[in-house]
Amino acid sequence: MKIASVIVDVPAKQTDKTFDYLIPDNLESVIVPGVRVNVPFGPRNIQGFVTGIKTESEFKKLKEIAGALDLKPVLNKELLLLGEWLTEHSLCYRISAYQAMLPAALKAKYQKKVVLTEGTSKEDLEEEARNLFSSGSEASWETAVEQNLVNLLKRESDRGLVDVVYEVKDRVRRKKLKHILPLGDTDSLAEQKERLSPQAKAQRRLLDFFQEHPAPVELKTLVANGFSQAAVKALIKAGILGEQDMEVYRDPYAGREFQRQEPLVLTEAQEKAIAPILSSIEEERHEVFLLYGVTGSGKTEIYLQSIQQVLEKGEEAIVLVPEISLTPQMVKRFKERFGDLVAVMHSGLSAGEKYDEWRKIQRREVKVVVGARSAIFAPFKNLGIIIIDEEHETSYKQEENPRYHARDVAIHRAATHRCPVVLGSATPSLESFARAQKGVYTLLALPKRMNEQPLPEVEIVDMREEMRQGNRSMFSRSLFEKLEDRLAKGEQTVLFLNKRGHSSFVMCRDCGYVINCPNCEITLTYHRYQEQMKCHYCGYEEPVPVICPECTSEHIRYFGTGTQKVEEELTKLLPEARVIRMDVDTTGKKGSHERLLNAFGEGAADILLGTQMIAKGLDFPNITLVGVLSADTMLHLPDFRSSEKTFQLLTQVSGRAGRHELPGEVVIQTYTPEHYSIELAGTQDYDRFYQQEMMARKLHKYPPFYYIALVTVSHEELMKAVSVTEKITRYISSRLSKEAVVLGPVASPIPRIKNRYRYQCLIKYKKEPELRASLRQVLDRYQQETAKEGLQISLDLNPYILM
DNA sequence: AGCACGCCGACT
DNA sequence: GTCGGCGTGCTC
């Protein structure tokens, strides 16, 4: 008998290994590595992934696999290996790695139920237990617990009257639609038609139709074409037509017409940049390219034509974009070029839609996937290229287990497939640019905009000076004048602010009391719309205070500026201006993001006001002014990348202006105009910024000169968190070389979240082959306390958020 | 992670 | 003498 090795769906240290199961005869052909199975595990049934087949096991009392969930493996050989690599690389459990690689719809749902045993009727049970089974022979375990019947049921179970069963359910709902099809061939249809009663005109017409199209047709389509349901029903009853539920894909882009677009003629600069990529594709050589091109320099066309080449070779392509629902224009360009060969995967899709897109890939029905981070795991078999657009974006790093960076996964996969990776950006991450400088990546530069338009003129306004001149408004005089000017000319403006809500916090003017979250060490944010104070970390909400809780003063003031407040201010100052506001609050609903953007593109508003999310992708000819209300809000975050992020964001936002015929202008308002990331964003001088920032990183021993790893320990008791972090810090220090720097224990920048104290230890290192093993040791050492005493230890090799 | 098993104190 | 509390260790 054959034996399968299975990774079970229990994310825990002790179960992070394979378990062996016998393969029952009837499943022998189905059970291959990569299929999901149901297996008995202790007293319950759970899901697992088959990772290997063998004929012998050290374990003697093997159980049998209960069932297979797939007929075709959901993980191919490459992805199974990639999962192992990911486990090693990010120090997570293997099951977590595999689950991260699949759409959420393929995750198991568990249900615990009580069922009457065969031959038992509910009258046999004790009275209290009977009404539990009022609606049949089974009841959910949850309601049994609610009704306090657990003990009773245990007795009944001992008497053999009930059983407790564990059900593993697939979440997948394949969408099915009723289709109508002729049961006989065309000739028999003609025959049947003759036999119909002469009055049955409609039925005759229907048969005419099917004689011409002998394929299944959706009932809805028939009705839409003027056939009546009655006629269809009659023919089904007569046994001439049949109905069948057929699986269809949910298509998020259904009904959208994409006009076929042919490749554009490349500029000389583009030709020069694409040549090495094409030859790498041709020679099946793995190489990483950094495509460094200013906004509007035509990177996308290079992506498109590289993919074209890959498709001609019969291979496949993955394109990662930061968060695709944000860039409908990007999707459009891919669909226009490659039509139905494109699958799209992003967070705006429902679980079912994501699953359907994933299936198209699995069934080889598409050749290109355009998607956010997790699309890097697309189950293609012949990858010919991987493209990561806006390579510097932090959303490529997953901030929960497995904590992977899509760039690393991309390079790993591309190496196995011997194909190129193209990292594109106008403001590359320091890490990538440094690698390109060192020759690890190949640098391809597109220094000019395609239309030869100069980059927009940037004015940096010192808001301290405005204040001194008596301007207390949130708009500098210069920005306000320009706003009025655009309004008069009928041109559009984008105003950018990186904060949501109304005002960031509420403070008492008499005693200085600031309202904090009771569970987290963080100030509550005022949300005007719901008149609530909200915590962005734990979701805690409370009404806005009327009097100060500390000193009962009534002088409560709102500080900081949010998008809502700017909007109000705008309507006050420029009542005739039509404003569209875009932030998490107004784009929460599916599709609203795209709707708002389209409305702006069609000229439904003069001013687009928004947060981060409007920084990229929007490309409208009528935008001639971009205003950044406060450039320094993120500069002061406790994060060594804050300068880099500020520079990238400002450059990105500035690029929104004047992309077409009309020249653009940018106004950046700041309280620290002398800071190099703001000053150099003003002149759009990436190279000088790179030099400056590299010096700072070298000095403080940060990436790309050093790698970093972060250990965060959290516990309800402060002392426990501190002492564990201290022990860990000491242990790690003892295991590393003298070159490594171990900082800690220190309180996290957010020292308490959801009533848990947080301490951390930061490790900076260049080469420490022992580090991963040591960190695993740490997890092992504290495993019991993690399981029982509510201790949490999180490890992040290459963290992007140091909080 | 669940869950059973087992050992201890409080009770019909 | 039994019920139910939680600590311990296993799940192929």
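Keep in mind that what you see is a predicted model, and the values were worked out from it rather than measured. First the proteins, then the strands, lettered A, B, ... as listed; each starts at 1.
Between A:His405 and A:Tyr396, the two ring planes are tilted [angle within 30° to 60°]. Classification of the A:Tyr702-A:Phe640 ring pair by plane angle, with boundaries at 30° and 60°, yields parallel.
In terms of phosphate contacts, A:Lys63 brings a side-chain nitrogen or oxygen within less than 4.0 Å of OP1 or OP2 of C:dC12. For B:dC3, the OP1/OP2 oxygens have a side-chain nitrogen or oxygen of A:Lys112 closer than 4.0 Å.
Contact check of residues 40-48 of chain A against DNA chain B (heavy atom, cut-off under 4.0 Å) returns A:Pro43, A:Arg44. For DNA chain C, the neighbouring residues in residues 10-27 of chain A, judged by any heavy atom under 4.0 Å, are A:Gln14, A:Thr15, A:Lys17, A:Phe19, A:Asp20, A:Tyr21.
We find that CD of A:Gln792 is positioned 9 Å from P of B:dA1, with the value rounded to whole Å. Rounded to whole Å, atom P of B:dA1 lies 14 Å from atom NZ of A:Lys107. Put simply, CG on A:Leu779 is 12 Å from P on B:dA1, counting in whole angstrom units. Rounded to whole Å, atom P of B:dG2 lies 13 Å from atom CD of A:Glu142. The CD1-C1' distance, from A:Ile95 to B:dA1, rounds to 12 Å in whole Å. Per the geometry, CD1 belonging to A:Ile65 stands 13 Å off P belonging to C:dC12, to the nearest Å. The CZ-C1' distance, from A:Phe49 to C:dC12, rounds to 18 Å in whole Å. Summarising the geometry, the separation between CD on A:Glu789 and C1' on C:dG7 is reported as 12 Å, rounded to the nearest angstrom.
Distance check: A:Arg413 CZ to A:Ile376 CD1 gives 6.5 Å after rounding to the nearest 0.5 Å. Summarising the geometry, atom CD belonging to A:Glu431 is positioned 10.0 Å from atom OH belonging to A:Tyr707; distances are rounded to the nearest 0.5 Å.
A cation-pi contact links A:Lys360 to A:Tyr249, judged by a cut-off of 6.0 Å to the six-membered ring centre and 45° from its axis. For the pair A:Lys767 and A:Tyr765, the cation-pi test (distance below 6.0 Å, angle within 45°) is failed.
Comparing A:Thr786 and A:Lys154 along DNA chain B, the residue whose closest nucleotide (by nearest heavy atom) sits nearer the 5' end is A:Thr786.
For A:Glu118, the CD atom is loosely surrounded, since the number of other residues' heavy atoms within 6.0 Å does not exceed 12.
Residue contacts shown for A:Tyr166 are limited to sugar-phosphate atoms, with no base heavy atom under 4.0 Å away. Residue A:Lys60 is out of contact with every strand shown, counting any heavy-atom pair closer than 4.0 Å.
Paired with A:Glu138 under the rule salt bridge (charged side-chain N to carboxylate O under 4.0 Å, His left out), one option of A:Lys112, A:Lys113, A:Lys122 passes, and it is A:Lys113.
Note: A:Phe41 and A:Tyr166 fail the aromatic proximity criterion, with ring centroids not under 6.0 Å apart.
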